[in-house]
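One structure is given here, and the rest of the page talks about it.
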Amino acid sequence: MKALFFSILLFRALSAVFGLGDTDSISDADPAQSGYLPNHNMDPAVVNSSAFRILWQNSFNTNELAKTQVVFLASNQNFIRTFDAITGAAIKSRQVQTPYLATDINCRDTPQGVGIQGTPVIDPSTDTVYFFSKSYIPNYRASGNTGVLNGVYYFYGVNIITLEDAPGFPILLDETIAENDSLQYFIGGVSFQHTALTLVAGTVYGGFASHCDNYNYTGMMFGVSVSTKRIVSNFAMESGPSINHEAWNASEGGGRAGVWMSGMSPATDGSRIFIVSGNGLDGQNGAASAEGNSGLRTLEQAVVNFAVSESGGLSVTDYFQPGDYKALDSTDSDLGSGGFVLLDKSHFSGTNVEELGAVVGKSGKLYILNANNLGGYKEGVGQSDNVVQTLQLKAGVWGGCGSYPLEGGFLYCAPIGQAAVAFNFSHSSSGAPVFTQVAQSQEKQVFGVGQPTITSLDGKAGSGIMWLTDPTAGLRAWAALPNHNGSLDSLKIPATKGMNKYQRPVFGNGKLGLDKKTAGPISGISILV
Ligand SMILES: *[C@@H]1O[C@H](CO)[C@@H](O)[C@H](O)[C@H]1NC(C)=O
Ligand SMILES: *[C@@H]1O[C@H](CO)[C@@H](O)[C@H](O)[C@H]1NC(C)=O
Ligand SMILES: *[C@@H]1O[C@H](CO)[C@@H](O)[C@H](O)[C@H]1NC(C)=O
Ligand SMILES: *[C@@H]1O[C@H](CO)[C@@H](O)[C@H](O)[C@H]1NC(C)=O
Ligand SMILES: *[C@@H]1O[C@H](CO)[C@@H](O)[C@H](O)[C@H]1NC(C)=O
Ligand SMILES: CC(=O)N[C@H]1CO[C@H](CO)[C@@H](O)[C@@H]1O
């Protein structure tokens, strides 16, 4: 498992009273995680010119890793801050909790400390921002102020104007018993909340995994109702008798199957939630094939479709688990290093397939799935994977792909150490959906590259831009439509070397926000306009 994710949210603060503008970003990408954002006034003619420039940059504490933008930022050091989007002037700042020490978890993934990691989500109807924060309760499970056993997680709701706690928050997550396994309860100290958050029918959901697979942990999905201010879901990805209920400090304990997705959000269409899990232990599926609705309890290396109950509880209605998942387990080759990309069904569909999704993890095998029938386990011909299509990329992906549903339709992925690749969308003679690799970038991306995010100027033909952040090279942008010789043409944008890992740029009315990597005393956000 790898773990740094630094994210950004864009929220308008230009007027005295905050309000939602139609070009604001209130969550990480779109709820479906398709990666396509049509309405942020990003014009490629401007982006590819000197008019697109760095508007401001801010520095924060040494090694404080910035997480959000105008106006709301949340960091690994448990700071939340607001800024003026145009000038960068600080408006408010608050440290919600003492951050958890990386030395308490024996994992170098987050050396600067652990606080708020998953990108928050804003509810514009109440001006409230929601996030999870990792900290301590002194003498909670062991003596002392710190230590892994005193590590806990809180769920916060904070007023985005005052940065004060909304009534009823924060809520402590620790000791919550899993809704689908009475033997498992939540221990914040060994857990790591990494996915971006999503707000579905009044409940905020976030995925939990571990730090470097250390200690006894099981991947969990938490849901907190923002109206009743209660935890309404704590779903253990592995449950039942085959799970090893080991001591907290056993490195092979728990069920594993962390939900982290390199910081991507669970994907949702408003009623269903899709997540992808990582490596596990003791998976039930073996020689026999199994249907996606068969009630598998060892949901490791799986794409999982949850139904959301009226109260916000989660139940598994469908899953896909690759036939070689045990081999993936034994090599720590997480399918769930990437999230699920739910594709726009008004464009990406075909005979007998109304809605598609895409997933690719560390193995580099890109699976195109039927979102309404994910495929179960070995349900294909001759016990093969029952998927719409499988495409092998040159390397693994941490963080998922992104799509552009116009002008024929494209899917973009950024395998580590390789060129970014573009697939076009078409149909076979029988009408089945087919993706074909048609182009690649001249540039190669290093480890920690973010998820492809695609903008357009309100859907205008030829205005698509595909964006990636690269930890070394910084922000990159390409024309989304491949050129005729099979290349993605890059746009000329200002150098912003040194991005934090696994981030998406965020957008608001012709502006873009980024999180730059700590370099000595300097860290912060760049806004380009
Ligand atoms: C291991 O952790 C799980 C919670 O994930 C818990 O149910 C179990 O009791 C723990 N084992 C021990 C021996 O503490
Ligand atoms: C695990 O923790 C228990 C106390 O909870 C302690 O007695 C035991 O020695 C620890 N084991 C290891 C391997 O650290
Ligand atoms: C997709 O690319 C393939 C291979 O280059 C090409 O044959 C096909 O016409 C393209 N399909 C569309 C819809 O552009
Ligand atoms: C394709 O065209 C671009 C310019 O549009 C050029 O930089 C690139 O080298 C060409 N690639 C190939 C494979 O010819
Ligand atoms: C960007 O602008 C340059 C001129 O500065 C031009 O040569 C290039 O084709 C443009 N790139 C794209 C992808 O539009
Ligand atoms: C008690 C309970 O609800 N158990 C469920 C936990 O989740 C698995 C996976 O969906 C179900 O099979 C169990 O029935």
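Note that ligands are numbered from 1 as they come in the structure, with each ligand's atoms numbered from 1 the same way.
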Without hydrogens or angle criteria, can the side chains of [X] and [Y] be said to hold a donor-acceptor pair below 3.5 Å?
X: Glu354; Y: Ser349; answer: no
X: Tyr319; Y: Asn285; answer: yes
X: Asn279; Y: Asp213; answer: yes

Under 4.0 angstrom from atom 2 (O) of ligand 5, is there any protein heavy atom?
->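 It does: a protein heavy atom is found less than 4.0 Å away from atom 2 (O) of ligand 5.
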Nearest non-hydrogen protein atom to atom 9 (O) of ligand 5, with distance, is Asn48 ND2, 4.8 Å
Counting each atom of ligand 3 from 1 as listed, which ones have a heavy atom of Phe425 under 4.0 Å away?
->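 Those atoms are 13 (C).
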Counting from 1, what ligand 3 atoms have a heavy atom of Asn424 closer than 4.0 Å?
->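 Answer for ligand 3: 1 (C), 2 (O), 3 (C), 8 (C), 10 (C), 11 (N), 12 (C), 14 (O).
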Are any side-chain N or O atoms of Ser337 and backbone N or O atoms of Val397, one a donor and one an acceptor, separated by less than 3.5 Å?
-> yes
Aromatic ring proximity Phe423/Tyr412, centre distance under 6.0 Å =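 No; Tyr412 has its ring centre 6.0 Å or more from that of Phe423.
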Should the pair Asp470-Lys497 be classified as a salt bridge under the 4.0 Å nitrogen-to-oxygen rule?
->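 No, Asp470 and Lys497 are not salt-bridged.
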What orientation do Trp467 and Phe507 show, parallel under 30°, tilted 30 to 60°, or perpendicular over 60°?
-> tilted
For ligand 6, which of its N or O atoms have a protein N or O partner closer than 3.5 Å, and how long is each gap?
{"from": "ligand 6", "atom 1": "4 (N)", "to": "Asn180", "atom 2": "O", "distance (Å)": "3.3"}
{"from": "ligand 6", "atom 1": "7 (O)", "to": "Asn180", "atom 2": "ND2", "distance (Å)": "2.8"}
{"from": "ligand 6", "atom 1": "12 (O)", "to": "Gly295", "atom 2": "O", "distance (Å)": "3.3"}

